[in-house]
Amino acid sequence: MATESERAIDHRAVGELWDENAEAWTTLTRLGYDKYRDHINTPAFLDMLPDVDGLRGLDVGCGEGHNTRLVAQRGARLTALDISGRFVRYAREQEARDHHGIVYLRASAVALPFADAAFDFAMATMSMMDVPDQGRAIREAARVLRPGGFFQFSILHPCFMTPRFKWVLDENGQRVAMECGDYFHQEQGAIEEWIFGSAPDELKERFEKFRIPRFFHTLSTWLNMLTAADLILEDSAEPYASDESIAIHPKLASTRVIACFLHLRCRKPTA
Ligand SMILES: C[S@@+](CC[C@H](N)C(=O)[O-])C[C@H]1O[C@@H](n2cnc3c(N)ncnc32)[C@H](O)[C@@H]1O
């Protein structure tokens with residue numbers, strides 16, 4: 001059952017906030033300022049992804065479609081959706097310029113407009129922790145998978161990216177540890193404000209900070225949501241920056257202090 005704060009900020013309200021974020025997010029990510037995505041999360045996600053050539057896939061919470069396009073380049077026939085109409089517009093405009101055969105639509109992860117077993121796989125990159133009622137979204141992803149299909153998703157790591165966290169710095173200002181708390185507090189819909197730190201100041205000043213509602217769950221809750229959807233966990237990763245990436249972007253070294261991200265792949269049983 002939804003909590004008070006989940007009722008206060010439902011998936012439509014989340015979509016309105018992401019609509020406001022969409023222009024800055026699309027501009028800054030397309031200019032290469034999402035270093036965590038480009039150097040860590042997307043390479044790790046693609047490393048874990050099984051062969052998708054010729055498969056029907058669904059991308060849930062696709063944003064402006066960067067990762068959708070990369071998976072389409074591996075031969076998948078993709079449908080992609082997002083709750084933010086503005087993100088869907090940017091994704092469609094890019095599809096018109098650079099054709100990948102991707103069908104984009106505005107829809108919510110919690111009520112997928114597809115028949116049961118319509119897809120061979122589903123994916124969600126860094127979107128599931130932004131969806132209110134993730135249990136329902138995971139059940140929906142499982143429902144639209146054919147038996148034997150897989151669902152792979154990445155999220156902020158629930159054990160460390162807790163409602164209350166703070167980097168501990170050494171005498172040189174390097175991040176060497178993290179204080180984290182409120183792990184069991186699980187306040188739903190709290191809004192975080194930030195912008196990509198690597199973007200130059202003149203660009204950061206051009207845009208408002210992102211306002212992102214977060215929906216926290218403990219690790220056991222995430223795993224139990226998969227089990228409740230009859231999905232079987234088959235692979236996991238906690239990716240961090242490579243030596244090469246850190247040489248170019250030293251700030252990425254903090255991803256080796258604690259696990260910032262969690263990637264999971266699970267499968268719908270055939271029987
Ligand atoms: C951090 S962005 C990630 C976007 C993209 N997948 C990527 O990796 O760049 C999170 C996305 O989740 C979307 N989102 C949040 N709630 C959603 C919902 N209920 N249904 C579909 N998309 C949702 C947001 O609009 C936003 O585009």
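All ligand and atom numbering here is 1-based and tracks the order in the structure.
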Would V131 count as a contact residue for ligand 1, given that I'm defining contact as a non-hydrogen atom of the residue lying under 4.0 Å from a ligand atom?
yes
Can you tell me if A107 contacts ligand 1 (heavy atom of the residue under 4.0 Å from the ligand)?
yes
Give the numbers and elements of all ligand 1 atoms closer than 4.0 Å to a heavy atom of [X].
X    : answer
V14  : 15 (C), 16 (N)
N67  : 7 (C), 8 (O)
T125 : 3 (C), 5 (C), 6 (N), 7 (C), 8 (O)
G63  : 4 (C), 27 (O)
S108 : 18 (C), 19 (N), 20 (N)
F87  : 27 (O)
W25  : 1 (C)

Nearest non-hydrogen protein atom, [atom]:
atom                    : answer
atom 25 (O) of ligand 1 : D82 OD1, 2.6 Å
atom 14 (N) of ligand 1 : I83 CG2, 3.6 Å
atom 2 (S) of ligand 1  : W18 CH2, 3.7 Å
atom 10 (C) of ligand 1 : D130 OD2, 3.3 Å
atom 20 (N) of ligand 1 : A109 N, 2.8 Å
atom 1 (C) of ligand 1  : M126 O, 3.1 Å

Is A124 touching ligand 1 with its side chain, its backbone, both, or neither, if touching means heavy atoms under 4.0 Å apart?
neither
Salt bridge between [X] and [Y], side-chain N to carboxylate O under 4.0 Å?
X    : Y    : answer
R89  : E93  : yes
R256 : D243 : yes
E192 : K209 : no
D120 : R146 : yes
R92  : E95  : no

Polar contact flag, side-chain donor to acceptor under 3.5 angstrom, H263-D235:
no
Describe, in one word, how the ring planes of W222 and F153 are oriented to each other, choosing from parallel (under 30°), tilted (30 to 60°) and perpendicular (over 60°).
tilted
Of the listed options (S127, A111, P132, G61), which comes nearest to atom 4 (C) of ligand 1 when hydrogens are ignored and any heavy atom counts?
G61
Rounded to the nearest 0.5 Å, what separates atom CD in E64 from atom CZ in F87?
7.0 Å
Indicate the atoms forming the closest heavy-atom contact of R37 with P43, along with that distance.
O-CD, 3.5 Å
Mind running ring-ring contact (aromatic ring centres under 6.0 Å, His included) on W25 and F196 for me, showing each step along the way?
CA-CA 9 Å; W25 187 279; F196 295 118; 5.0 Å; yes
Paired with F121, the side-chain contact (heavy atoms from CB on, under 4.5 Å) test is passed by just one of L58, D59, V71, namely V71
